[in-house]
There are 2 protein chains.
Amino acid sequence: MKRDSRLSGVLHLLLHMAEADGPVTSEALAGMMQTNPVVIRRILGGLRKEGLVQSEKGHGGGWRLARDLESVTLYDIHLALGAPGVLALGNRTESPGCLVEQAVNAAMSDAFEAAEALLLERFHSITLASLSRDFSRRRKRNASTCDQHRH
Amino acid sequence: MKRDSRLSGVLHLLLHMAEADGPVTSEALAGMMQTNPVVIRRILGGLRKEGLVQSEKGHGGGWRLARDLESVTLYDIHLALGAPGVLALGNRTESPGCLVEQAVNAAMSDAFEAAEALLLERFHSITLASLSRDFSRRRKRNASTCDQHRH
DNA sequence: TCTTCATGTAACTTAAAATATTACATGAAA
DNA sequence: TTTCATGTAATATTTTAAGTTACATGAAGA
């Protein structure tokens, strides 16, 4: 079962946008993410609907953050990505009338909900600003050996 | 991102085996799971390596539980299935030198680990016996309207 | 105005992964 | 010695995610 790294990838994009002076093109972002510009535009198009980023066409155009770094949590971004399920495991639902399946699902659902709630609670407490601060800290720490972050 | 319902499915199989008098064939189990007998044999073959089930060939053969219901937890079964990742979300690892990625991953890893630990802890506390008792309870409750669990 | 650049989006292709199927060998019971 | 069931490799199918192409829309600059 493969893991969905879109949230991680989007955070990557947003922090790079936060670092930049002006708008960043989908082509530049695609370079960082080693993917196609259209993929970037699709993802960021979704975030724009939620008011997290804005885009401009034409010369000097591109993407920029639309909100303050302090006000955006991982949870906001998770929602903007469509709130995909956070767990890789799930219940069977092929035999809803089977009492065995009902017993199994009841027991597992409790555990699943607890884990999911904990993860989302953590997401609420992490802001783009806190990530940005951590990045700055790392940059200073690494300044002697490497003055720029690279792709 | 599709969810892995193997654990749920295996519990279904094991509880049905617990209910049965003698060995149950992979064909019968495949009928319950609406899949192919070979798929069942592959899955149960893995569990046999861990000592959870045993199989017999030939006439009257099939699969049966190898351990006491009280002694088997969901965690044991999860391990026997190869301990697949429990989270659907994960970190990007395409640019390990990028400090942005490092900051993002550090923050998310904490949250991921906490959620995973909580889920696995819950798995430790659920035994096949407790599921079986819950099933019996449901069967009694439903006795008036339906005397058998069906597929 | 007209060329250039960038987004917006639909349609399509490719790639990867999970799942299912076929085929046949092994071994046990009737 | 026939039947039945597991054991397992090889293959095929299905499903899902990701990437690509193509072209329309609109903004800035020459």
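To find a chain, count down the sequence lines: A is the first, B the second, and so on, and within it residues start at 1.
Just one residue in the list B/M33, B/Q34, B/H12 forms a side chain to side chain contact (heavy atoms under 4.5 Å, CB included) with A/E94, and that residue is B/Q34.
Summarising the geometry, the separation between CD1 on A/I40 and C1' on C/dT7 is reported as 13 Å, rounded to the nearest angstrom. The distance between atom CZ of A/R48 and atom P of C/dA6, rounded to the nearest whole Å, is 17 Å. In this structure, A/I43 places its CD1 atom 15 Å from C1' of C/dT9, rounding to the nearest Å. The interatomic distance linking A/L44 (CG) with C/dT9 (P) rounds to 13 Å, in whole Å. Here D/dT6 presents its P atom at 10 Å from CE of B/M17, a figure rounded to the nearest Å. If you measure from atom CD of A/Q54 to atom P of C/dA6, you get 18 Å, rounded to the nearest angstrom. Straight-line distance from the CG atom of A/L13 to the P atom of C/dT7: 12 Å, rounded to whole Å. Here D/dT6 presents its P atom at 7 Å from CH2 of B/W63, a figure rounded to the nearest Å.
Near-neighbour residues of DNA chain C inside residues 78-85 of chain A, defined by a heavy atom below 4.0 Å, are absent.
Taking all atoms of both residues into account, the shortest heavy-atom contact from A/L128 to A/L15 is O-CD2, 3.9 Å. Closest of all the heavy-atom pairs between A/T127 and A/E70 is CG2-O, 3.5 Å. The nearest pair of heavy atoms linking A/C98 to B/H16 is SG-NE2, 3.8 Å.
Each of A/Q34 and B/G61 has a nearest nucleotide on DNA chain D; the 5'-most of these lies closest to B/G61.
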For residues 106-124 of chain B, please give each side-chain donor-acceptor pair under 3.5 Å, one per line with the distance, not counting sequence neighbours.
residue, atom, partner, partner atom, Å
B/S109, OG, B/N91, ND2, 3.0
B/S109, OG, B/N105, O, 2.7

Using a 3.5 Å cut-off and no angle test, enumerate the donor-acceptor pairs between side-chain atoms of residues 48-62 of chain A and protein atoms at least two apart in sequence or in another chain.
residue, atom, partner, partner atom, Å
A/R48, NH1, A/S55, OG, 2.8
A/E56, OE2, A/R64, NE, 3.0

Quiz prompt | Sequence-aligned protein contact record of nucleotides 22-30 of chain C, with B where the base is within under 4.0 Å of a protein heavy atom and S where only the sugar-phosphate is | solution = B---BBBB-
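Between A/S26 and C/dA6 there is no side-chain polar atom (N or O) within less than 4.0 angstrom of OP1 or OP2. Under 4.0 angstrom from either OP1 or OP2 of C/dA6 there lies no side-chain N or O belonging to A/T25.
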Polar atoms only, N or O, under 3.5 Å: list the protein pairs with nucleotides 14-19 of chain C and their distances.
residue, atom, partner, partner atom, Å
C/dA18, OP1, A/M1, N, 2.2

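Contacts of B/D76 classified as side chain to side chain donor-acceptor pair (under 3.5 Å), with partners at least two apart in sequence or in another chain: B/T73.
At a threshold of 4.5 Å between side-chain heavy atoms, the hydrophobic network of Ile, Leu, Val, Met, Phe, Trp and Tyr places A/L65 and A/W63 in one connected group. Residues A/L87 and B/M1 are members of separate hydrophobic clusters, defined by side-chain heavy-atom contacts under 4.5 angstrom among Ile, Leu, Val, Met, Phe, Trp and Tyr.
Counting heavy atoms of neighbouring residues, nucleotides and ligands inside a 6.0 Å radius, atom CD of B/E27 does not exceed 12 of them.
Between the side chain of B/S136 and the main chain of B/S132, a donor-acceptor pair closer than 3.5 Å is present.
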Self-check item: B/H78/B/V86 under side chain to side chain contact (heavy atoms under 4.5 Å, CB included): CA gap, chis, key distance, verdict
Solution: CA-CA 10 Å; B/H78 174 70; B/V86 301; 3.7 Å; yes
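Within 4.0 Å of B/G45, counting heavy atoms only, lies no atom of the nucleic acid at all.
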